[in-house]
Amino acid sequence: MLQNRDMKETAKSIEQVVLELVRMIPKGRVTSYGAIAKAIGTPKSSRMVGWILGHSVEIGTYPAHRVVNRSGLLSGRHHFRPPERMEQLLTSEGVLVKDNKVVDFETLFWDPMQEV
DNA sequence: AGCTTGACTTTGA
DNA sequence: GTCAAAGCCAAGC
């Protein structure tokens, strides 16, 4: 049936969509796991976004440092090598990081659904 | 098959 | 505003 085929295609591309969204995040802007999860249609599995970033492909293929948690906290910095890399990358792009948190997070926040 | 863990979010106190 | 608990889905053991 066509439904089966559609579901299959949808299911297989989840991590691909996540990576694509992360890649299209503008420089100097940040977003949250929940926003990405919502954009791909699975707002409940916001954890999966982070899980995908860590286990899908190697860090460096996409700007994962632009993805932070809802509070603007760099919760995933410990998964970078070295962990300080995330903060350093953000700072290099003009995003100020203070105490592992993004300064003016709400201002720099980039919503994939709102912009696209 | 079941339990624990995790780059999270939301809700209630 | 912070803190604790519940919900959520997938991977690892």
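Residue numbers start from 1 in every chain, and the chains themselves are labelled A, B, ... in the order their sequence lines are given, proteins ahead of strands. Since the model is a prediction, treat every value here as computed from it, not as a measurement. Quick note: numbers below take in every heavy atom, side chains included, and nothing from hydrogens, waters or symmetry partners.
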| remark: Expected list for residues 86-109 of chain A near DNA chain B, using heavy atoms below 4.0 Å, is none
| said: Measuring from atom CE of Met86(A) to atom CZ of Arg77(A), what distance do you get when rounded to the nearest 0.5 angstrom? | reply: 10.0 Å
| message | For the CD1 atom of Ile40(A) and the CD atom of Glu15(A), what is their distance to the nearest 0.5 Å? | response | 10.5 Å
| Leu53(A) has an atom CG; how far is it from atom C1' of dA11(C), in whole Å? | 15 Å
| field | Atom-pair distance (CD1 on Ile52(A); P on dA11(C)), nearest Å | value | 9 Å
| query | Rounded to the nearest Å, what distance is computed from the CG atom of residue Asn69(A) to the P atom of nucleotide dA7(B)? | reply | 12 Å
| request: For Ala35(A) and for Met48(A), locate the closest nucleotide of DNA chain B by heavy-atom distance; then report the residue assigned to the nucleotide nearer the 5' terminus. | output: Met48(A)
| Rounded to whole angstroms, how far apart are CD1 on Ile40(A) and C1' on dA10(C)? | 13 Å
| note | Note, DNA chain B 5' to 3' with Watson-Crick or G-U pairs under 3.5 Å encoded as ( ), [ ], | and . gives .|||||.||||||
| Can you tell me how far the CZ atom of Arg29(A) sits from the CZ atom of Arg66(A), to the nearest 0.5 Å? | 11.0 Å
| Of the nucleotides dA7(B), dA11(C), dT10(B), which has the atom closest to the Phe80(A) side chain? | dA7(B)
| field | Whole angstrom value for the distance that separates P of dA10(C) from OH of Tyr33(A) | value | 19 Å
| query | Are Val30(A) and Trp110(A) side-chain neighbours, meaning at least one heavy-atom pair lies under 4.5 Å? | reply | no
| task | Find the distance Arg81(A):CZ to dA7(B):P and express it as a whole number of Å. | result | 12 Å
| task | Go through the steps for Leu73(A) and Phe105(A) under the test side chain to side chain contact (heavy atoms under 4.5 Å, CB included), then give the verdict. | result | CA-CA 9 Å; Leu73(A) 187 71; Phe105(A) 172 66; over 6 Å; no
| remark: Rounded to whole Å, CZ of Arg70(A) lies from C1' of dG7(C) at a distance of 16 Å
| task | Return the value, rounded to whole Å, for the distance between atom NE2 of His65(A) and atom P of dA7(B). | result | 19 Å
| query | When Val102(A) is tested against each of Leu74(A), Leu96(A), Thr107(A) for side-chain contact (heavy atoms from CB on, under 4.5 Å), which residue passes? | reply | Leu74(A)
| Counting side-chain heavy atoms from C-beta on, which of dA7(B), dT9(B), dA11(C) comes nearest to Tyr62(A)? | dA7(B)
| task | Give the nucleotide from the list dA11(C), dA7(B), dT9(B) with an atom nearest to the side chain of Ser46(A). | result | dT9(B)
| query | Is the closest side-chain donor-acceptor distance between His65(A) and Glu93(A) under 3.5 Å? | reply | yes
| Interatomic distance, Ile52(A) atom CD1 to Gln16(A) atom CD [nearest 0.5 angstrom] | 11.0 Å
